[in-house]
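The chains referred to below are lettered A, B, ... by the order of the sequence lines, with proteins before strands, and numbering in each begins at 1.
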2 protein chains.
Amino acid sequence: MKRFTKHTVKNSLKRIFLYRASLTRMKLLGVEKIYSYTLSDETGVTPDQIRKDFSEFGITGNKRGGYDVNDLIDKMEKIFHRNKDHNLVLIGMGNLGSALSKYNKFVHKSMNIVATFDIDPFKQKIRSDIPVYSLSRLKEIIDRFKVKVAIIAVPEIAAQEIADDLIKTGIKGIINFAPVLLKTPADVIVNNVNLCDELESVIYYVHNQMKSDSAKNLEQLYKGTKY
Amino acid sequence: MKRFTKHTVKNSLKRIFLYRASLTRMKLLGVEKIYSYTLSDETGVTPDQIRKDFSEFGITGNKRGGYDVNDLIDKMEKIFHRNKDHNLVLIGMGNLGSALSKYNKFVHKSMNIVATFDIDPFKQKIRSDIPVYSLSRLKEIIDRFKVKVAIIAVPEIAAQEIADDLIKTGIKGIINFAPVLLKTPADVIVNNVNLCDELESVIYYVHNQMKSDSAKNLEQLYKGTKY
DNA sequence: TAGATTGTTAATCGATTAACAATC
DNA sequence: TAGATTGTTAATCGATTAACAATC
């Protein structure tokens, strides 16, 4: 049965992203060993929480000896399946779509946009590192490259139709930049990224913080802040 | 004291975004009155949770009569301070930055990017609806337009320096598209949007779901899904 | 009014935090 | 070894869910 789904990423998984970002930075600075309290200083997550998260994802260190930075990063790469290649397709080569298609280069090498699609035949002719196809070839390309995850960057009005098409081809995960709730079967993961909402939430917190002058009220507000 | 901060938006606030998206859609379809269970069908959030959230944000309906769609939307606009104008600046006019600057038009009228900045003098000359300034004019422009929130879309390497500059000018909220943890004072809200992480989390869930074939295991996985 | 739905209080569940035993 | 840090179990906290009294 199709329904509106808003998939929310587990907090612990989000923190793993945070740890990895911090660890990568520390590795560049030449750090080789860390303790849970060192990583805590860097990320703002409590040492207990860090160890709990590591435990959840089956990451172990050495009692007394802390954790090996390279080893930690390796284990996290595995969690994110970076040891395998992931072919992606991107639908919609408007402003955001073409920015994302170029973004590809900055992204870890295991993620690869193999094809982009647009209804506009003009955009299909624009020279680009990644080919731009007509939507009629969606199934063909997705099958050929065994694509499981798609990026939707089409206008609001077209998003549901594209999602339906993608699901018919067997796509199992969608990252959706269109500001609409997509109706999808329960076995399709949808991650909505709504840039407008993200901006508004900053405005919300900035404004509500500015209303209260005292440090105490500020503290109160920050209770809503998680790591 | 400066530290790494990763601000997480409250779940209840995220759900308010979800409700608004659904309500806006229903309004277009001509719906005028809804009940908590109607909205539940549309959003997948339980009626209890919806009423609890409404209560938290001071939104009331009519016992027996449900809620007026227009009234709900109005109240939510107030929550997001859409009744006021918000001037924004955007730093970094690369691929993503220029896409975001054009995105401006799709965004609610209360949010307005008044200026963009880039170190590249060439980009400063490109004709655009929104002027592109040199970074040397950051403080001048931010002061003039009373900007409180900035969008960072510069490369990883430059992000911290830009953040420092912005904070010196009195910026209180940052939406950061660079994949780095910014060190900021506690009274500055940072909302990190990491497109690579968002993609990886989809891959994570798709992959971990595919490993388990039985419906039961699938259900297990979905325990991590919140609305 | 009777019935249905809200708004809120109480119960449950899950996630975070604290504590500590295991151990390098 | 003694001391320090992990990994896990127990306690606490907060958020979600259920229940129900208020009321239109």
Side-chain angles (χ1 to χ4, degrees), chain A residues 5-19 23 26 31-69 71-72 75-76 79 219-227, chain B residues 5-19 23 26 31-69 71-72 75-76 79 219-227:
Chain A
T5 52
K6 192 182 174 297
H7 183 78
T8 305
V9 180
K10 257 195 296 188
N11 285 345
S12 54
L13 189 67
K14 281 194 205 162
R15 285 192 300 265
I16 297 282
F17 283 118
L18 180 64
Y19 304 147
L23 288 165
M26 288 171 95
V31 181
E32 286 173 6
K33 291 270 174 198
I34 54 143
Y35 304 110
S36 55
Y37 64 81
T38 327
L39 193 55
S40 172
D41 284 343
E42 288 297 307
T43 57
V45 180
T46 62
D48 317 78
Q49 180 80 79
I50 291 173
R51 295 201 304 278
K52 200 90 205 278
D53 288 337
F54 283 4
S55 172
E56 182 186 338
F57 287 93
I59 296 174
T60 54
N62 311 307
K63 301 222 177 198
R64 182 72 187 83
Y67 303 85
D68 180 85
V69 173
D71 185 49
L72 274 183
K75 281 172 176 164
M76 289 175 185
I79 291 171
E219 206 106 51
Q220 196 68 7
L221 182 85
Y222 272 95
K223 277 169 55 182
T225 306
K226 283 179 201 164
Y227 293 99
Chain B
T5 53
K6 192 182 175 297
H7 183 81
T8 305
V9 179
K10 259 195 296 190
N11 285 346
S12 55
L13 190 66
K14 280 194 206 160
R15 285 193 301 265
I16 297 281
F17 282 119
L18 180 64
Y19 303 148
L23 288 165
M26 290 171 94
V31 180
E32 288 175 1
K33 290 271 174 195
I34 55 142
Y35 304 110
S36 55
Y37 65 81
T38 327
L39 192 55
S40 172
D41 285 343
E42 290 297 307
T43 58
V45 181
T46 62
D48 316 77
Q49 181 80 79
I50 290 172
R51 295 201 303 279
K52 199 87 204 279
D53 287 337
F54 283 5
S55 172
E56 182 187 337
F57 287 94
I59 295 174
T60 55
N62 312 306
K63 301 225 177 199
R64 182 77 187 80
Y67 302 86
D68 180 86
V69 172
D71 185 48
L72 275 182
K75 279 171 177 165
M76 289 176 185
I79 291 170
E219 205 108 50
Q220 197 68 7
L221 181 85
Y222 272 95
K223 276 169 58 184
T225 305
K226 283 182 199 160
Y227 293 101

- prompt: B/Y37 has a side chain; which of C/dT5, D/dT17, D/dG7 sits nearest to it?
  reply: C/dT5
query: Roughly how far apart are B/I50 CD1 and B/Y67 OH, rounded to 0.5 Å?
result: 8.5 Å
message: Regarding B/F54, tell me which of base, sugar-phosphate or nothing describes its non-hydrogen contacts under 4.0 Å with the strands shown.
response: nothing
Side-chain N,O (B/S36) to OP1/OP2 (C/dT5) below 4.0 Å: no
- prompt: Quick check: are there more than 12 heavy atoms from other residues, nucleotides or ligands sitting under 6.0 Å from CD of A/E32?
  reply: no
message: For D/dG7 and A/Y67 - does any side-chain N or O of the residue sit under 4.0 Å from the phosphate oxygens OP1/OP2?
response: yes
- prompt: OP1, OP2 of D/dT16 versus side-chain N and O of B/N11: anything below 4.0 Å?
  reply: yes
message: Looking at B/T46, I'd like to know whether one of its side-chain N or O atoms comes within less than 4.0 Å of OP1 or OP2 on D/dT17.
response: yes
statement: Out of D/dA19, D/dT16, C/dT5, minimum distance to the side chain of B/R15 belongs to D/dT16
- prompt: Given D/dT8, is OP1 or OP2 found less than 4.0 Å from the side-chain N or O atoms of A/S55?
  reply: yes
task: State which of D/dT8, D/dT5, C/dG7 makes the closest approach to the side chain of A/R64.
output: D/dT5
message: Checking contacts here: which listed nucleotide (C/dG7, D/dT6, C/dT8) is nearest the side-chain heavy atoms of B/T60?
response: C/dG7
field: Each stem that DNA chain D is part of, given as range with range (3 or more consecutive Watson-Crick or G-U pairs, under 3.5 Å)
entry: C:3-24 with D:3-24
statement: Ranking A/D48 and A/N62 by the position along DNA chain C of their nearest nucleotide, the one closer to 5' is A/D48
- request: Measure from the side-chain heavy atoms of B/K52 and tell me the nearest of D/dT6, D/dA19, C/dA10.
  value: C/dA10
- request: Report which part of the nucleic acid A/G66 touches: base, sugar-phosphate, or nothing (heavy-atom distance under 4.0 Å, all strands).
  value: sugar-phosphate
- prompt: Which residue pairs pass the side chain to side chain donor-acceptor pair (under 3.5 Å) test with at least one member in residues 57-66 of chain B, sequence neighbours excluded?
  reply: none
task: Counting heavy atoms from C-beta on, name the nucleotide in C/dA19, D/dT23, D/dT5 closest to the side chain of A/Y35.
output: D/dT5
